[in-house]
S.K.: 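Once you've had a glance at the structure underneath, I'll fire off some questions.
Keep in mind that the numbers below use all heavy atoms, side chains included, and drop hydrogens, waters and symmetry copies.
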Amino acid sequence: MIVEVERGQDFGVVSAVGAVAEKKCERCGACGPQPAQPSPPVPAPAPQAEAEGGSDGPSIRNIVRVATPDDRKTAADLRINEEEVRRTVRDRVRHHNLPMKVSDAEWQWDKRKLTIYFTAEQRVDFRALVRDLAGLFRTRIELRQIGARDEAKRLDGIGRCGRQLCIASWLPEGRPVSLSLAKAQGLSLNPVQISGPCGRLLCCLHYEHDFYVQQRKRFPKEGKTVKTSTGNERVIAVDIFRERVTLRSDDGATRVVALDELHQ
């Protein structure tokens, strides 16, 4: 689709309709209640409307039209050109000796704006760079600093599990992850072993945490002494996936018991 943006028009792809779209709108708070039936694919032009909650919230913008083959070709050509833009911007960054890493570049479909995404360890004074790039590309330049997880989302990649990065495939946002989550899951606390390609702790440590919390409620705590048919035994370890508990008796004998058998 060709859609309205803040300044001009841009190219977009419909990612959700119906109930899925309603859930996304509820999460971002940009829309009010949605109609039961999906709207026609090309709504009639209407004045731009502000989202509920006042002018500080996100605005609802119009779909101008369904993209034509020429529109799609223009968008594809811009994606190809962006690689050359990235190389040029990186050269200019080195020329200005700025402590920043250029991650990505993105043309607006009508070429009225060029967005440069970068990472940096500290604040960067890039005013001279913006003037340089504006004169070079003859368009509005926007430099946007992003974090390591956002960079991984834009660039994509393969995680240590062998699958596409969650942050690039389905995870809506990258939340901060602490070592305490790894400890709660019984993982190594060596950051090298539990970090992703972005250098940050794995996103899955966060969204899988609730599963571990719920599962562990079914097991006795490690270190606790339980009374079984053989006498008092201490819980040495629990295996929440195989649903087994390792016990050690007072005489030092160790055995592995199924969770159901332990409850009985």
S.K.: Rounded to the nearest 0.5 Å, how far apart are CG of Leu98 and CZ of Arg92?
M.R.: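 Those atoms lie 10.5 Å apart.
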
S.K.: Between atom OG of Ser195 and atom CG of Asn190, what is the distance when rounded to the nearest 0.5 Å?
M.R.: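 Atom-to-atom, Ser195:OG and Asn190:CG are 8.0 Å apart.
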
S.K.: If you measure from CG on Asp77 to CG on Asn81, what distance do you get to the nearest 0.5 Å?
M.R.: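 Reported to 0.5 Å precision, the distance equals 8.5 Å.
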
S.K.: In plain terms, say whether Lys224 and Glu222 are close enough for a salt bridge, that is, a side-chain N and a carboxylate O under 4.0 Å apart.
M.R.: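 Result for this pair is no, no salt bridge flagged.
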
S.K.: Can you check whether Gly8's main-chain N or O pairs, donor with acceptor, with Lys113's side chain at less than 3.5 Å?
M.R.: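 Between the backbone of Gly8 and the side chain of Lys113 there is no qualifying donor-acceptor contact (under 3.5 Å).
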
S.K.: So, does Ser103 use its side chain to make a donor-acceptor pair with the main chain of Phe118 at under 3.5 Å?
M.R.: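 Answer holds: no.
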
S.K.: Examine distances only and state if a side-chain atom of Gln108 and a backbone atom of Arg7 form a donor-acceptor pair shorter than 3.5 Å.
M.R.: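 Confirmed, Gln108 side chain pairs with Arg7 backbone.
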
S.K.: side-chain contact (heavy atoms from CB on, under 4.5 Å) for Leu179 and Leu201? Distances and angles first, verdict last.
M.R.: CA-CA 8 Å; Leu179 280 173; Leu201 296 180; 4.2 Å; yes

S.K.: When you check the gap from the basic side-chain N to the acidic O, do Glu151 and Arg154 get nearer than 4.0 Å?
M.R.: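 Salt bridge between Glu151 and Arg154, a charged N being under 4.0 Å from a carboxylate O: no.
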
S.K.: If you apply the rule side chain to side chain donor-acceptor pair (under 3.5 Å), what do you find for Ser188 with Gln193, and how did you get there?
M.R.: CA-CA 7 Å; Ser188 167; Gln193 297 181 7; 3.1 Å; yes

S.K.: Could you grab the distance from atom CD of Glu208 to atom CG of Leu205, nearest 0.5 Å is fine?
M.R.: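 Answer rounded to 0.5 Å: 7.5 Å.
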
S.K.: Is it true that Arg87 and Asp91 have a side-chain N and a carboxylate O under 4.0 angstrom from each other?
M.R.: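 Not counted as a salt bridge, because no side-chain N and carboxylate O are separated by less than 4.0 Å.
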
S.K.: Given the side-chain rings of Trp107 and Phe11, with only the six-membered ring counted for Trp, is the space between their centroids under 6.0 Å?
M.R.: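 No, too far apart.
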
S.K.: Return the minimal non-hydrogen interatomic distance between Ile167 and Glu173, and the atom names on each side.
M.R.: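 Closest approach of Ile167 to Glu173, heavy atoms only: CD1-C, 3.6 Å.
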
S.K.: Verify side chain to side chain donor-acceptor pair (under 3.5 Å) between Asp71 and Thr68, making sure each step is shown before the conclusion.
M.R.: CA-CA 5 Å; Asp71 294 335; Thr68 65; 3.1 Å; yes

S.K.: Ignoring hydrogens and angles, tell me if any N or O in the side chain of Arg234 forms a donor-acceptor pair with the backbone of Leu247 under 3.5 Å.
M.R.: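 Checking the backbone N and O of Leu247 against the side chain of Arg234, no donor-acceptor pair under 3.5 Å is found.
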
S.K.: Counting distance only, does the side-chain N/O of Asp110 pair as donor-acceptor with the main-chain N or O of Gln9 below 3.5 Å?
M.R.: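 Side chain of Asp110 to backbone of Gln9, a donor-acceptor pair under 3.5 Å: yes, one is there.
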
S.K.: Is the side chain of Asp10 donor-acceptor paired with the backbone N or O of Trp109 at a distance under 3.5 Å, no angle test?
M.R.: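 Yes; judged by distance alone, with no hydrogens or angles, the pair exists.
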
S.K.: Does Leu114 offer a backbone N or O that forms a donor-acceptor pair with the side chain of Glu106 under 3.5 Å?
M.R.: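 Side chain of Glu106 to backbone of Leu114: no pair is present.
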
S.K.: Drop me the distance from His209's NE2 to Leu181's CG, to the nearest 0.5 angstrom.
M.R.: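 It is 5.5 Å, given to the nearest 0.5 Å.
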
S.K.: How far apart are the closest heavy atoms of Ala182 and Ile194, and which atoms are they?
M.R.: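 Heavy-atom minimum between the residues: CB-CD1, 3.7 Å.
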
S.K.: Determine whether a donor-acceptor pair (N or O, by modelled atom type, separation under 3.5 Å) exists between the side chain of Lys227 and the backbone of Asn232.
M.R.: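 Answer holds: no.
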
